[in-house]
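Accompanying notes for the structure given below.
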Amino acid sequence: MTRPAHASAGEMMTVAAARALKDGDRCFVGIGKPSTAANLARRTHAPRLVLVYESGTIGAKPGRLPLSIGDGILAETADTVVSVPEIFNYWLQPGRIDVGFLGAAQLDRFGNINTTVIGDDYADPRVRLPGAGGAPEIAASCREVIVIVTHSRRTFVEKVDFVTSVGFGAGPGDRERHGLRGTGPRLVVTDLGVLAPDPETCELTLTHLHPGVTRDQARAATGWELRIATDLTTTEPPSETELSVLRALEEA
Amino acid sequence: MTRPAHASAGEMMTVAAARALKDGDRCFVGIGKPSTAANLARRTHAPRLVLVYESGTIGAKPGRLPLSIGDGILAETADTVVSVPEIFNYWLQPGRIDVGFLGAAQLDRFGNINTTVIGDDYADPRVRLPGAGGAPEIAASCREVIVIVTHSRRTFVEKVDFVTSVGFGAGPGDRERHGLRGTGPRLVVTDLGVLAPDPETCELTLTHLHPGVTRDQARAATGWELRIATDLTTTEPPSETELSVLRALEEA
Amino acid sequence: MGEITTLSDAVARLVHDGDTIALEGFTHLIPVAAGHEIIRQGRRDLTLVRMTPDIVYDQLIGAGCARKLIFSWAGNPGVGSLHRFRDAAQHGWPAPLEIEEHSHAGMANRYAAGAAGLPFAVLRGYTGTDLPAQTATIKPITCPFTGEVLTAVPALNPDVAIVHAQRADRDGNVQIWGITGVHKEVVLASRTSLVTVEEIVDELEPRPGAIVLPGWTVDYVAHVPGGARPSYAMGYYDRDNVFYQAWDDISRDRDAFQAWLRSEVLS
Amino acid sequence: MGEITTLSDAVARLVHDGDTIALEGFTHLIPVAAGHEIIRQGRRDLTLVRMTPDIVYDQLIGAGCARKLIFSWAGNPGVGSLHRFRDAAQHGWPAPLEIEEHSHAGMANRYAAGAAGLPFAVLRGYTGTDLPAQTATIKPITCPFTGEVLTAVPALNPDVAIVHAQRADRDGNVQIWGITGVHKEVVLASRTSLVTVEEIVDELEPRPGAIVLPGWTVDYVAHVPGGARPSYAMGYYDRDNVFYQAWDDISRDRDAFQAWLRSEVLS
């Protein structure tokens with residue numbers, strides 16, 4: 001029934017992220033792939049997924065994919081709409097959200113994220129990126145974080161130029177030391193596979209390769225010596241249902 | 001035209017308080033005489049008076065006197081209704097309110113107010129009063145305060161048993177020392193007359209006697225040696241309009 | 001999460017001896033029926049939290065449920081004193097009552113800090129008053145930017161929040177309009193929560209001025225029409241001002257109070 | 001107080017060279033027309049404050065109005081980078097741009113503290129990131145009750161707040177619905193304010209989800225239909241996503257940008 005050949009790398013990535021969401025989870029959603037993945041999950045295995053957008057829309061049930069985190073359709077379909085100070089203070093900060101989605105311009109082996117500047121000098125950056133947005137507090141306060149990011153040496157770096165959002169800092173115990181109450185990145189979903197932190201060392205470890213991707217491809221796209229799980233698994237390709245729902249979503 | 005004989009001491013008191021409100025003022029209103037006075041002012045000389053109640057109703061225009069600060073009619077007629085944290089944090093605290101009304105169980109010559117306990121021992125009070133409510137912050141943050149209180153030695157005391165809300169503290173400069181941003185009590189309206197702080201000493205000084213009241217009566221009802229203004233004036237008795245509007249309000 | 005059950009079941013599951021509980025409602029939507037259920041279930045040693053302890057707390061205190069009261073204004077609004085509260089505070093009857101006393105601004109901020117997952121809140125308040133000398137939960141705090149000294153109060157995170165609301169849907173989403181007070185804050189600040197409602201409906205039709213608490217923020221919803229009487233529920237019934245006045249006489253005397261309690265709550 | 005005037009008059013009265021101004025709107029109701037009026041009036045050395053500087057700030061920066069940017073996310077939402085912002089930040093064109101960088105939570109709390117008349121706000125934020133090392137307006141603060149260390153940020157109190165809204169009445173009372181963002185906070189935090197609106201009506205009919213800013217909290221109201229385009233005004237028009245995409249090309253090149261500015265804003 002499954003026709004993996006039909007799925008692009010981007011589609012595989014979105015489907016893998018969607019599967020990581022459990023029914024009933026409260027999910028803090030950014031625009032782009034996170035929003036697509038969350039809406040896909042809500043239409044497949046997780047109909048009671050609660051979508052929370054930083055624009056203040058709680059329990060949004062958009063009939064089509066929003067193009068921004070503040071689209072009107074989010075407000076129109078939400079259980080309630082609150083102010084931006086309230087969404088951060090009363091909803092994100094106390095740990096009411098189960099899963100936060102983040103992207104990254106750079107990511108290191110401990111899941112620390114840079115979305116601020118590329119280059120060594122903050123005052124004179126090589127590339128000025130958009131900055132933090134909601135990410136530092138999403139990374140701090142959600143029960144767990146899922147990172148969605150394209151796999152390349154430009155992104156998967158030995159050391160991020162700027163820590164915008166903390167993953168596991170310098171390793172085990174660092175989140176506790178910083179008083180961060182969520183458990184940090186649970187998964188990093190890429191176009192090549194899936195990484196998860198080693199329970200002992202917190203180092204991101206390749207646990208899944210998407211169909212047709214090799215270990216060497218993943219190693220070559222990673223800017224540090226990539227650890228590979230002993231039980232490395234091939235990701236289940238997107239099902240017919242997942243693909244058709246995803247495509248319908250993206251066309252709507 | 002005026003028929004002072006018709007006005008009770010309580011009516012005189014309410015009318016005197018109402019007159020102290022200027023059109024366009026934002027007024028933080030407590031229940032009882034303050035609410036009556038503010039509603040009287042809105043129906044006579046101050047049609048654009050903005051009534052703010054601590055229940056979160058801003059710009060309420062009740063058609064009859066509310067019996068509590070949270071009556072439905074306040075919400076139904078308000079320009080906007082906000083939460084209780086918001087009314088204190090965004091509206092009272094920053095100094096957006098021009099006039100705050102306060103009552104008192106005890107009041108001293110510097111306009112300090114007790115509504116907490118009667119007796120020397122807080123832990124074992126002679127009389128346990130309701131407590132602070134919104135008063136400490138109303139006294140601190142409104143541009144100015146009007147106190148409405150019945151004149152008696154039980155109330156007008158040499159020293160309050162407990163400072164629930166600060167008037168002028170121990171005298172000139174004390175409000176600044178405490179960082180209180182409003183200017184403190186402007187008027188104390190009683191059933192006998194009106195007191196105002198001396199501009200030099202901050203001591204409450206009798207500036208008006210209501211019609212038919214003598215200096216001796218005021219002195220006898222005051223628990224400290226009452227200072228009397230050199231230009232002591234007799235309060236203008238309630239006009240026919242003031243009385244009829246007030247009575248209509250109280251009967252509605 | 002938003003489970004619909006009976007009032008007695010919800011109170012039995014949530015409220016235990018020694019708990020810190022907050023029944024909120026700022027004049028409007030006071031959960032009086034839930035207070036009576038706590039009295040009937042005979043809870044003891046409760047720490048009662050409420051900005052404006054009015055007659056429902058007077059009843060809980062008089063019935064001997066309370067060990068401590070955290071509050072900012074304890075009176076019968078528009079009528080006068082709370083006689084059961086005064087009897088407990090002044091004479092220790094039926095049990096001594098410890099008090100922790102704040103202002104409204106302080107209490108509202110304590111709930112807001114609790115809802116926000118912060119250990120404390122900052123406000124301009126209390127300065128120059130005698131409250132900080134009596135209340136350990138009022139402390140100075142210095143602005144790290146300007147050096148200005150302000151006031152800090154600790155978060156309130158009760159074991160149980162109980163509020164009344166107009167409506168819930170079958171998923172336990174709760175809709176509240178009119179004066180919303182600290183309803184949202186106390187529910188979000190507390191470890192568990194119960195909302196009693198006038199109506200359970202298939203769908204919450206949007207209304208001007210309404211807030212919604214998603215079902216996943218509420219533990220139990222109980223259908224208790226009239227559950228806020230003698231306070232009011234906008235759109236359902238008005239405040240019973242006559243009862244507030246009558247309470248002055250009922251509560252003034254220990255025997256009269258106990259007779260009332262037996263006939264109106266316990267029987 | 002709630003005075004109804006023209007856009008050009010209001011901007012001329014309120015916005016002066018060197019001022020700190022905040023044009024807010026979280027995706028929704030961004031006061032783009034007011035931004036263009038500021039460009040036309042040739043203001044210089046502005047400190048621009050905004051959580052999500054998007055194309056209207058890209059335009060103000062490219063037009064040389066800005067000296068400094070205080071922000072939390074500077075991008076073209078759903079499209080990519082802000083090229084005029086990057087050109088100023090990386091190459092100082094047309095003028096050097098000082099930046100003060102926060103997170104959304106920090107900025108939202110800075111406005112909230114400003115609205116509340118407090119010098120600072122407390123949040124759980126920034127800890128472990130490199131932001132505190134670069135941004136002087138992020139400092140640790142210790143809870144006086146638990147000893148826990150949290151983060152403090154100073155209040156934002158701009159000279160001028162500018163927002164767009166759906167409606168105002170003739171007394172200048174402003175009604176806003178849909179995503180309300182930080183509209184209330186920025187207006188209450190700022191020394192002066194201007195609200196541009198789609199419609200001026202005789203009476204503000206209550207609407208679900210709407211907030212109202214009383215006319216006395218607003219200095220000027222200007223009737224500017226379409227004043228939020230290419231962002232959107234719920235109930236009036238949708239977001240012009242095509243223009244957001246087109247902006248990427250227009251803004252990438254200095255000459256193309258200047259040609260656009262001349263033909264679309266200055267003429």
Side-chain angles (χ1 to χ4, degrees), chain C residues 70 100 102 105-106 108-110 112-127 132 135-157 166-167 173 175-178 180 184-185 203-212 234-235, chain D residues 70 100 102 105-106 108-110 112-127 132 135-157 166-167 173 175-178 180 184-185 203-212 234-235:
Chain C
I70 301 176
E100 179 177 328
H102 279 267
N109 274 291
R110 297 187 67 185
L118 292 174
F120 71 105
V122 177
L123 71 156
R124 296 184 184 280
Y126 302 102
T127 323
T135 302
T137 46
I138 302 170
K139 290 195 177 183
I141 190 161
T142 303
C143 173
F145 302 100
T146 64
E148 194 182 352
V149 179
L150 297 106
T151 300
V153 288
L156 277 167
N157 295 105
Q166 281 100 340
R167 299 197 291 213
N173 299 302
Q175 191 183 39
I176 309 161
W177 66 86
T180 57
K184 182 183 277 189
E185 284 74 17
E203 190 151 1
L204 297 174
E205 181 201 346
R207 278 189 73 104
I211 62 169
V212 170
M234 185 180 265
Chain D
I70 300 176
E100 179 178 328
H102 278 267
N109 274 291
R110 295 186 68 184
L118 293 174
F120 70 105
V122 177
L123 72 156
R124 296 184 182 280
Y126 303 101
T127 323
T135 303
T137 46
I138 302 171
K139 290 196 178 182
I141 189 160
T142 303
C143 173
F145 302 100
T146 65
E148 195 182 353
V149 179
L150 297 106
T151 300
V153 289
L156 276 167
N157 295 105
Q166 281 101 339
R167 299 198 291 215
N173 299 301
Q175 192 184 38
I176 308 162
W177 65 87
T180 56
K184 182 182 279 188
E185 284 74 16
E203 189 151 0
L204 297 175
E205 182 200 344
R207 278 189 73 106
I211 61 170
V212 171
M234 184 179 267

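Per chain, numbering begins at 1; letters A, B, ... match sequence-line order.
Glu185(C) places no side-chain N or O within 3.5 Å of a backbone atom of Gly114(C) that could act as its donor or acceptor partner. Although no hydrogens or angles enter the test, the distance criterion places a donor-acceptor pair under 3.5 Å between the side chain of Thr151(D) and the main chain of Gly125(D). For the pair Gln175(D) (side chain) and Glu205(D) (backbone), a donor-acceptor distance under 3.5 Å is present.
Looking at Val212(C), there are no atoms closer than 4.5 Å to chain D (heavy atoms on both sides), in backbone or side chain. Using a 4.5 Å cut-off between heavy atoms, Ala152(C) touches chain D through backbone and side chain atoms alike. Contact of Leu123(C) with chain D is made through the backbone alone, with heavy-atom distances under 4.5 Å. Heavy-atom distances place both the backbone and the side chain of Arg124(C) under 4.5 Å from chain D. When heavy atoms are compared at a cutoff of 4.5 Å, Ala136(C) approaches chain D solely by way of its backbone atoms N, CA, C and O.
His102(C) and Thr137(C) share a side-chain donor-acceptor pair at under 3.5 Å.
Top candidate by heavy-atom pairs under 4.5 Å with chain C, chosen from Val153(D), Thr142(D), Thr146(D), is Val153(D). When each of Ala155(D), Pro119(D), Gly117(D) is checked for heavy-atom pairs under 4.5 Å with chain C, Pro119(D) comes out on top. The residue among Pro140(C), Pro206(C), Ala113(C) with the most heavy atom pairs within less than 4.5 Å of chain D is Pro206(C).
The side-chain heavy atoms of Ile141(D) and Phe120(D), taken from C-beta on, include a pair separated by under 4.5 Å.
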**OP:** Assess whether side chain to side chain contact (heavy atoms under 4.5 Å, CB included) is satisfied between Arg167(D) and Trp177(D), documenting all intermediate values.
**Re:** CA-CA 10 Å; Arg167(D) 299 198 291 215; Trp177(D) 65 87; 3.8 Å; yes
